[in-house]
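Taking it in order: structure first as structure tokens, then the write-up.
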Amino acid sequence: MRLTQISLLAAMLLSGLTHATYAQQRTDRRPNILFIISDDHAYQAISAYGSKLMQTPNIDRIAHEGALFNNVFVTNSLCAPARATLLTGKYSHVNGLEINYGQNFNVQQELFTRILKDHGYQTSWIGKWHLHTLPDGFDSYKILVDQGHYYNPDFISTGADTTRITGYVTNIITDLTEDFLNHRDTTKPFCLIVGEKAPHREWLPDLQDLGALDSIHFPIPSTFYDDYQGRPAAAAQDMTVAKTMILREDLKVHLDYHGYAEYTRFTPDQQKAFAAYYDKVSKDLDSQALTGDALVKWKYQRYLKDYLSTTISLDRNIGKILAYLDSTGLSKNTIVVYCSDQGFYMGEHGWFDKRWMYEPSLRTPFMMRYPGVVQPGAKVDPMVVNIDFAPTLLSAAGITPPEDMQGKNFLPLVEKNGNAQKSGSAKGWRKAMYYHYYEFPQPHHVSPHFGVRTERYKLIRFYGPKDYWELYDLKKDPDEMHNVYGQSDYSSITKDLRKQLDELIAQYKDTEAANILETK
Ligand code: CA
């Protein structure tokens, strides 16, 4: 063998060895990412947040073994815009998706998932995507068509026709998740986003959970009978349990199994089981002949029973995914996040739905387990915004986030041995967050608005058709019932908040908001 042949052989052996070692190192060092984002899951309905309504032991497990974030806020409290912000780390006016319908999300723009893929991660999105344009820059996807259906949903997969899968959506998403993990490329770390449909309207529980909460009488929130005094935008909305919530479609009273898309999909067995339960519900209502406030109260109880019953399945399935990670040894090197796309009203102000900059919809549940990095049981108080998710996950993967991402890596707030999460005022971390909501008039007549929230105060500017300011002192008025804008004892605070608002608008380059403040 000539010397050149020996060198060549040595080089081949060496490169093979290097490649294998590198692959091994990548798997060992860089964490996998499993990001579970549900839809409309209120923190008021999660026991890790002290829920009075519901126990969610499996979701809580992520918080107990990781960190529970107490102040995570969204930039625009709506389904599709929240997903666009998750992917881009940018505000709606920058990533181009401000409303649920009527705008196409540009998937060719910079997405953190594409960056991870370019750096050797295997990436996938399973479940609710809701961005209308198909995913791009993922190794694979299996997404629900549009909002998706609770029963026998249709999925669009990479390079395949749309297929209908028989069963209940949350169970199916878990099966698809396990299927992805079973067949993944084990030489690479993975980033899997699991988009849960539940507990989105119209809250169809799994058959096995029908009636599970029937014996519970849920407490009515103290603000349920809000008269919206001093808040003209709140008075003009169309999202109350009393008036907006529909008996037939939302609460399944006197169901028309042929006239409503969700039910025409049922198999005969599913329809039979569903009818057996909801016919009893309908008879209960008929027998009482309720009107006025008694009917509203009945609707509220039924709303919570249906909504929370869908979360029984959600919690059970998250337990199943966590057990899978345990049984495969993946728990050790996998970041697990559980969050919702935004908060939701469980009857506060008389409402369901989201949209407002008020606390129940501005705040979203968020918890993160990251073995070896996040201190188990940590409670994180500094303000995190959903623009931070993308840069944080990139940082966890050892990638410097692109400069034009508008969020920040929050890992320094939660790292073991760090004390930032206890102090509530991490050095150099944001003390105020910016919000901007757009969708009007349909479907719920919530006037567009933007504003700033600090630790104690919230200043909101509504514009078109309601055009005025609101100010809340969250310490004195955590339920946001008293608009104190214009009161003399808040004049210097208002001035300071206005300055912070102007600075945030400039920082995030929201020219529309800047123009409104200049011209109106
Ligand atoms: Ca949502």
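We're numbering straight along the sequence, starting at 1. In each ligand, atom 1 is the first atom listed, and ligand 1 is the first ligand listed. Note that this is a predicted model, so its numbers are computed, not measured.
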Check the pair H436, Y91 against ring pair (Phe, Tyr, Trp, His ring centres under 6.0 Å), reporting the backbone distance first and the verdict last. CA-CA 8 Å; H436 195 160; Y91 273 83; 8.8 Å; no

Might you work through the ring pair (Phe, Tyr, Trp, His ring centres under 6.0 Å) test for H217 and Y300, ending with a clear yes or no? CA-CA 10 Å; H217 184 82; Y300 175 75; 8.6 Å; no

Ring pair (Phe, Tyr, Trp, His ring centres under 6.0 Å) assessment of F69 paired with F410: CA-CA 11 Å; F69 290 70; F410 63 69; 5.1 Å; yes

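The shortest side-chain heavy-atom distance between R114 and Q108 falls under the 4.5 Å cut-off.
A ring-ring contact (aromatic ring centres under 6.0 Å, His included) with Y437 is found for exactly one of H93, H449, H444, namely H449.
Counting backbone and side-chain atoms alike, Q342 contributes an N/O/S atom closer than 3.0 Å to the Ca ion (ligand 1). Using a cut-off of 3.0 Å, one finds that C79 contributes an N/O/S atom close to the Ca ion (ligand 1).
Closest approach between the Ca ion (ligand 1) and any N/O/S atom of D341 involves OD2. Per residue D40, closest N, O or S atom to the Ca ion (ligand 1): atom name OD1. Residue-level check: among N/O/S atoms of D39, OD1 sits closest to the Ca ion (ligand 1).
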